[in-house]
Amino acid sequence: MYKIVKRKQLNDTVVRLDIDAPFVAKKVQAGQFIILRIDEFGERIPLTVADADPEAGTVTIIFQIVGRTTMLLSQMKEGDALLDFVGPLGKATEFGNIKKACVVGGGVGNAIAYPSAKALHKAGVEVDVIAGFRSKDIVILEDEYKDACDNLYITTDDGTYGEKGFVTNKLQSLIDAGNNYDLVIAIGPIPMMKFVSKVTEPYNIKTLVSLNPIMIDGTGMCGGCRVTVGGEIKFACVDGPDFDGHQVDYDELMQRNSTYRNFEAHDKENCRMYKAAEQVGGAE
Ligand code: NAD
Ligand code: FES
C-alpha cells in the first residue's frame, strides 16, 4: 500500500498528493509517469510525476478532477493509502545538450511541465517558463516555478493575472524579441501543444510535447495509447510520452481521446466508481 503523506487543494479542481513510494522516488526522472489504482476494483490511471523527493521517499502527483477515479482520488485524505502505484514508466525527457530553453505549460499541464523546468534549471540551462491559465483563480505552481527558472511569464486568457492572451502569443513575442531557444517543451491541452509546435516550426526550434492518450497497461501490450508521429505508429507508454511536436498527428489524438467522453459523462447508472463517490458525498 502507498500512503498519502500530504494533500493540498491547488484550486477548485486540481489536487496535489505526496505519496510514500520510496523506490519510485529514487528512480523517477522528468517526463516519466506512474499508473495507480485506488483499490482492487479501481480503474488504472496514468499520471505524469510532478515532483519527487528521493530523501523523503515521496512522489508528488498533481491531477485535475475529470472523471470518477480522479474524483475519488481527490477525496482521499492524508493517511489513506493507494493499492497500486507502479512506475516509473515511459522514457525520461531527453533534453539534449542545450543552452537556452522555454518551457510552456497550459493549465494543469503545468504540473508536468514543472519537473522539466526544474531539471533544466538545475543542469545550468537558461530557462524561460510560460505558464498559461484561463484565469487568475486557477493559477498553480507560481512559487515553485520561480525557483526553477530564470524568467517566469504567466498568461491568462481573460487577463485577470499576468499578461492577457494564450501561451502561444507570449512565445511568439519572446521569439520576436530575439530569444534564441534551443528547445521548447510544451505540455497542456492538445490544441495548445499543436499551436505551440506551429509557432516554433518556422524557426526550426526543437519542440517536445508530452502526449496523454488513453492508457491501459502502460507496458506496450494493449495498443490503447497508439499515436501517429511522423507517419509512424508509436505507443506513448513505451516510446514516449515525449515526442517531436512537429511530427505528431494531433487531430487523430484528439479524436481518439474523445472516444469515452460521453460514457464518462453519462453512464452514472452503471458506474461503480460513481456510486462509491456518491456514498462519500462527492458525485456531481
Ligand atoms: P485550458 O484549456 O485551461 O488551457 C490552458 C492554457 O493553454 C490556456 O490558458 C492557453 O494559454 C493555452 N491554450 C489552450 N488552448 C489553446 C489554443 N488553442 N492555442 C493556444 N494556446 C492554448 O487547460 P486545462 O483545462 O487546465 O487543461 C486540461 C487539458 O490538459 C485536458 O484536456 C488534459 O487532458 C490536458 N492535459 C494534458 C497533459 C499532458 O500530458 N499533455 C497533462 C495534463 C492535462
Ligand atoms: Fe497499452 Fe500503451 S497503454 S500499449
Side-chain angles (χ1 to χ4, degrees), residues 10-15 30-35 43-50 61-67 70 86-87 89-91 93 103-116 129-141 153-172 185-200 208-227 233-243 245 248 250-251 253-254 256-258 260-261 264:
L10 299 187
N11 67 34
D12 281 354
T13 62
V14 177
V15 176
Q32 292 186 295
F33 67 96
I34 55 89
I35 289 186
E43 169 192 29
R44 300 156 59 91
I45 57 163
L47 287 171
T48 304
V49 168
I61 50 171
I62 296 178
F63 58 94
Q64 190 170 37
I65 304 168
V66 288
T70 44
V86 179
L89 298 167
K91 290 185 176 164
T93 305
V103 176
V104 185
V108 71
N110 280 290
I112 297 148
Y114 165 69
S116 286
V129 168
I130 306 172
F133 304 90
R134 263 170 280 133
S135 61
K136 183 181 179 180
D137 52 314
I138 54 170
V139 171
I140 57 169
L141 297 174
Y153 305 96
I154 293 188
T155 64
T156 48
D157 303 3
D158 62 4
T160 46
Y161 195 57
E163 291 179 42
K164 186 174 183 342
F166 278 177
V167 288
T168 39
N169 305 126
K170 187 65 200 172
L171 178 61
Q172 184 67 64
I185 296 177
I187 306 176
I190 300 167
M192 183 210 99
M193 296 191 283
K194 175 178 173 173
F195 289 108
V196 165
S197 301
K198 278 193 190 295
V199 169
T200 58
L208 290 177
V209 295
S210 175
L211 302 186
N212 61 334
I214 292 163
M215 287 193 189
I216 301 166
D217 65 313
T219 60
M221 302 287 283
C222 72
C225 67
R226 174 168 67 78
V227 290
I233 292 191
K234 300 279 179 190
F235 297 111
C237 67
V238 286
D239 299 321
D242 291 344
F243 291 101
V248 171
Y250 294 99
D251 296 337
L253 176 58
M254 271 187 267
R256 282 178 63 80
N257 272 13
S258 63
Y260 299 106
R261 196 159 290 153
E264 281 190 345

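Every number for a ligand or one of its atoms is a count from 1 in the order of the listing. If you're wondering where the values come from, they're calculated on a predicted model, not measured in any experiment. The figures here come from the full heavy-atom set of this structure, side chains too, leaving out hydrogens, waters and symmetry mates.
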Looking only at non-hydrogen atoms, which of [options] approaches [atom] most closely?
| atom | options | value |
| --- | --- | --- |
| atom 26 (O) of ligand 1 | Val108, Leu47, Val167, Ile130 | Val108 |
| atom 21 (N) of ligand 1 | Phe63, Phe133, Phe195, Phe166 | Phe166 |
| atom 38 (C) of ligand 1 | Asn212, Val104, Asn257, Asn110 | Asn212 |

**Protein non-hydrogen atom found under 4.0 Å from atom 9 (O) of ligand 1** =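 Under 4.0 Å from atom 9 (O) of ligand 1, at least one protein heavy atom found.
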
**Message:** I want to know if ligand 1 touches Gly188 in the polar sense, i.e. an N/O pair below 3.5 angstrom.
**Reply:**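 Yes; the residue has a nitrogen or oxygen that sits under 3.5 Å from a nitrogen or oxygen of the ligand.
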
**Message:** Evaluate Ser210 for polar contact with ligand 1, using N/O atom pairs at a separation under 3.5 Å.
**Reply:**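 Such a contact does occur with ligand 1.
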
**Item:** Close-contact set for ligand 1 against Gly106 heavy atoms, below 4.0 Å
**Value:**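 In order of number, 5 (C), 6 (C), 7 (O).
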
**Prompt:** Which atoms of ligand 1 have any heavy atom of Thr168 under 4.0 Å away?
**Reply:**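 Close to Thr168: 20 (C), 21 (N).
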
**Request:** Determine, using heavy atoms of Asp157 and all atoms of ligand 1, whether some pair is separated by less than 4.0 Å.
**Result:**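 Contact present.
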
**Prompt:** Of all the heavy atoms in Met193, does at least one lie under 4.0 Å from an atom in ligand 1?
**Reply:**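 Within the 4.0 Å threshold, so yes.
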
**Request:** In plain terms, say whether Asp251 and Lys194 are close enough for a salt bridge, that is, a side-chain N and a carboxylate O under 4.0 Å apart.
**Result:**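 Salt bridge: yes.
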
**Request:** May I have the angle between Cys225 SG and Cys237 SG with its vertex at atom 2 (Fe) of ligand 2, rounded to 10°?
**Result:**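 Approximately 100° at the metal, rounded to tens of degrees.
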
**Prompt:** What part of Met221, side chain, backbone, both or neither, has a heavy atom within less than 4.0 angstrom of ligand 2?
**Reply:**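 The part of Met221 near ligand 2 is the backbone, not the side chain.
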
**Prompt:** For atom 4 (S) of ligand 2, which protein heavy atom lies nearest, and how many Å away is it?
**Reply:**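 Going by distance alone, atom 4 (S) of ligand 2 is nearest to Gly223 N, 3.2 Å.
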
